[in-house]
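Note sheet for the following structure.
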Amino acid sequence: MKSDFLIHKLTRRNFMQNTAMLGAGAVLGGAIGLLPKGAGAMTNAQIDTVFFNGKITTLDKDNPDVTAIALAGGMVAATGSDKDMRALAGPLARMIDLKGKRVIPGLNDSHTHLIRGGLNYNMELRWDGVTSLSDALAMLKIQADRTPAPQWVRVVGGWSEFQFKERRMPTLAEINAVSPDTPVFILHLYDSALLNGAALRAVGLTKESQDPPGGKIQRDANGNPTGMLIAEPNAMILYSTLAKGPTLPLSDQINSTRHFMRELNRLGVTSVIDAGGGFQNYPDDYNVIDKLHNDGQMTVRIAYNLFTQNKGGELADFQRWSGMVKPYSGDGFLRHNGAGEMLVFSAADFEDFLQPRPDMAANMEKELGAVVRHLIEQRWPFRLHATYDETISRALDVFEQVNADTPFNGVRWFFDHAETVSDKSLERIKKLNGGVAVQHRMAFQGEYFVDRYGAEAAKHSPPIRKMLDMGVPVGGGTDATRVASFNPFVSLYWLITGKTVGGLSLYGDENRLDREEALRLWTLGSAYKSNEETVKGALVPGMYADLAVLSHDFMTVPDEAIKDTVSIMTVVGGKIVYAADEFKSFDAPLPPVSPDWSPVRHFGGYQSGALEGAVKVASACTVHGCGHHHHASGHDGILSRWLGLDGSSKKPSFENPWAIGCGCFAY
């Protein structure tokens, strides 16, 4: 391995602490006797489950590869050989044959939007993983025919036109042909949305509708809306329009969130850090996740950050919340994780690489300083959304100034995204004991980044290898669901191969990770972001028994097979929460997806491979003509012109990119 963030010391410290506690009888009872030589184990634990005959990657440097693991009370009790773990198990322990499968620690998404995404999951048609536009349009037609009025068909993030073999977007004519009557809303990255005629009528967009600041309604020669909404660069126009669609009733939102967690379990995810997002007002909009937690129905551990919703009232939000909740309060399934990713609206840059980079508002430093100083005084950890180094360097000016009079003194903080962070900024981040959470947004927008900034700049966007070599703590994640997919194996594929979902190679060897390094980012690296690296992220005695049994051997399969990997058995806190294929008998299915017209009920979540018969269906419901996606939206660059996205390249000159309303829709 070339390098890694030195979390190993933290894990071994945890091992020693837990061993000492357990040896004193502080946690678990029931002696297991002398430890076998070469086995990592706790003492005084009553083994309840043993998984054996596997290929288990523990991420414990002293015991990295074993064939068996013993669990006790939801924790890892011991790891080692089949013989040794069998010897530890009592007559009542459950013995599960792994059938030679690869096992990894449960994956942890350090930046996603599960709480918001769960409320909407059952309403959304997923194009994630679909390899053909013909298949995507066939899905759209099938779902339009199934969706009752006044509901919409929504395709909200997780895909890029470059993943399609046709290498293009759908046209508005195609969308109207497959769904003339049911409203359709299709989100394309942070850039644009496509609405069919029925959706235009549903949201009331007409010839008289005015363009909002930072947004554009594309019009035909007669001034009528065509159905394309464009962020120039404010995504407010996209998300405020999406918000006009019908919502699910509470019972269906609960069902939806449970099925979203199950889909994450199917992909090996056992923990996430929720980065808040638009319309997530605390505590009102946390009722569903609170209920699932209180009812013991959580199958994904969540550490949640609080995201201000009030432009101009950000400090007041955090002052109120700091009186309501304490840092890291909660338990192992639902716990507070501080502030962010939005701290103040004036510090929020956007990540639409089809548009020029914006400059942050002149009042950014004053507003950000007030909030960060309050957070440090309250000992609240925080995270800050920042795409560009220009934003990061200005934020660091603020952090350093606050630290000079109100020392951070161990408060954990980090930047999210940081695609163009410079070496100088990384040095400043390290000096302040900060970190970075990276996501595979470049896997979905890399082609546009190369078009605007060039292939050379893309080679280190973000500079993950540099971060690790410098010892900056890095966590892996997705930023699902508005742009990138929630599938962690797509992110791992990107980290390892340096390729986009469309196959473009962004990085050379100098900025790609080996498989263990990538896995560490998605386990121990993410756990550090929620101050949980001593209890999760590795299969070490004394840590949570969170693990995934994989369909493919992640450590050895060809690169292209990585993104096709799923979990066939997922364990959270020693409990099997998902099982399929040869382990299907261990599964505990959820109630059926509701409502019955839900796209998830018919198609599921992340799509793998071609849809049988879809091309034939699609060919009957699409129109012929231009295959390109036409904008009149100020896009520029060689690739943009090839796609028909021509226009002015003038840089926007506004003070705040979220110029009107709530800009948090973009997260």
Side-chain angles (χ1 to χ4, degrees), residues 4-11 14 59 105-115 264 269-277 300-307 327-330 332-343 372 375 379-386 392 395 399 408 410-418 421 426 429-430 432-441 462 464 467-468 470-480 484 486 488 491-492 495 513 517-538 543-544 546 667:
D4 64 73
F5 174 57
L6 300 179
I7 304 173
H8 170 62
K9 293 181 180 178
L10 297 168
T11 3
N14 179 67
L59 297 184
L107 298 174
N108 184 349
D109 191 330
S110 65
H111 183 129
T112 191
H113 300 273
L114 187 159
I115 295 173
L264 294 175
V269 175
T270 59
S271 291
V272 304
I273 306 178
D274 188 280
V300 175
R301 303 180 189 274
I302 300 176
Y304 61 92
N305 285 83
L306 296 185
F307 180 128
Y328 305 128
S329 58
F333 275 93
L334 187 64
R335 70 198 302 260
H336 176 246
N337 197 50
E341 64 181 292
M342 179 75 82
L343 297 181
V372 171
L375 295 173
R379 313 306 295 161
W380 266 45
F382 66 88
R383 64 196 304 165
L384 179 64
H385 164 102
I392 292 168
F399 299 167
F408 282 24
V411 171
R412 294 201 182 181
W413 69 274
F414 56 96
F415 284 110
D416 284 302
H417 317 312
V421 64
L426 287 175
I429 291 169
K430 183 180 180 183
L432 270 179
N433 295 315
V436 180
V438 298
Q439 303 81 37
H440 64 314
R441 304 190 312 179
I464 302 169
M467 297 175 191
L468 295 176
M470 292 177 63
V472 174
V474 182
T478 64
D479 199 11
F486 50 73
S491 176
L492 288 162
L495 289 168
L513 306 186
E517 287 175 312
L519 184 59
R520 282 180 177 272
L521 259 62
W522 262 88
T523 51
L524 287 164
S526 293
Y528 185 84
K529 295 291 182 285
S530 59
N531 198 22
E532 294 179 281
E533 71 277 6
T534 60
V535 292
K536 67 168 66 166
M543 298 179 77
Y544 292 150
D546 297 351
Y667 296 83

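By convention here, the first residue in the shown sequence is residue 1. If you're wondering where the values come from, they're calculated on a predicted model, not measured in any experiment.
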Pair Val372-Leu384, side chain to side chain contact (heavy atoms under 4.5 Å, CB included): steps then yes or no: CA-CA 10 Å; Val372 171; Leu384 179 64; over 6 Å; no
Gap separating the CE atom of Met543 from the CD atom of Glu533, nearest 0.5 angstrom: 8.0 Å
Parallel, tilted or perpendicular: ring planes of Phe382 versus Trp413, cut at 30 and 60 degrees: parallel
Separation between CG of Asn108 and CG of Asp546, rounded to the nearest 0.5 Å: 9.0 Å
Side chain to side chain donor-acceptor pair (under 3.5 Å) partners for Ser491, two or more places apart: Trp522
Closest non-hydrogen atom pair between Gly537 and Leu59, with its separation: O-CD1, 3.7 Å
Distance in Å, Met467 CE paired with Phe415 CZ, rounded so as to fall on 0.5 Å steps: 11.0 Å
His336/Tyr304 aromatic ring centres below 6.0 Å: yes
Check: Tyr528 ring centroid to Phe414 ring centroid under 6.0 Å: no
Which atom of Phe408 lies closest to which atom of Arg379, heavy atoms considered: O-NH2, 2.8 Å
Heavy-atom pair of closest approach, residues Gly435 and Ile429: N-CG2, 3.8 Å
Nearest-0.5 Å distance, OG1 of residue Thr112 to CD1 of residue Ile273: 10.5 Å
Ser110 side-chain N/O to Gly476 backbone N/O, donor-acceptor pair under 3.5 Å: yes
Non-neighbouring partners of Asn337 that pass side chain to side chain donor-acceptor pair (under 3.5 Å), sequence neighbours left out: Asn305
Parallel, tilted or perpendicular: ring planes of His417 versus His111, cut at 30 and 60 degrees: tilted
With sequence neighbours excluded, residues passing side chain to side chain donor-acceptor pair (under 3.5 Å) with Asn433: none
Evaluation steps, salt bridge (Lys or Arg N to Asp or Glu O under 4.0 Å), between Glu532 and Arg335: CA-CA 11 Å; Glu532 294 179 281; Arg335 70 198 302 260; 3.8 Å; yes
Heavy-atom check, side chain of Thr270 versus side chain of Tyr544, under 4.5 Å: no
Reported CG-to-CD distance for the pair Asp274 and Glu341, which is rounded to 0.5 angstrom: 9.5 Å
Test item: Leu375 and Leu343 side chains (from C-beta on) under 4.5 Å apart, heavy atoms: yes
Nearest atoms (heavy-atom pairs only) where Ala418 meets Pro462: O-CB, 3.6 Å
Heavy-atom pair with the smallest gap, counting every atom of Trp380 and Ala339: CE3-N, 3.8 Å
Within-4.5 Å side-chain heavy-atom neighbours: Val421 and Val436: no
Lys529 (side chain) donor-acceptor with Ala437 (main chain) under 3.5 angstrom: no
Separation between CD1 of Ile115 and CD1 of Ile302, rounded to the nearest 0.5 Å: 5.0 Å
Any side-chain donor near an acceptor of the partner, His440 and Asp479, under 3.5 Å: no
Close side-chain approach of Leu264 to Asp109, heavy-atom, < 4.5 Å: no
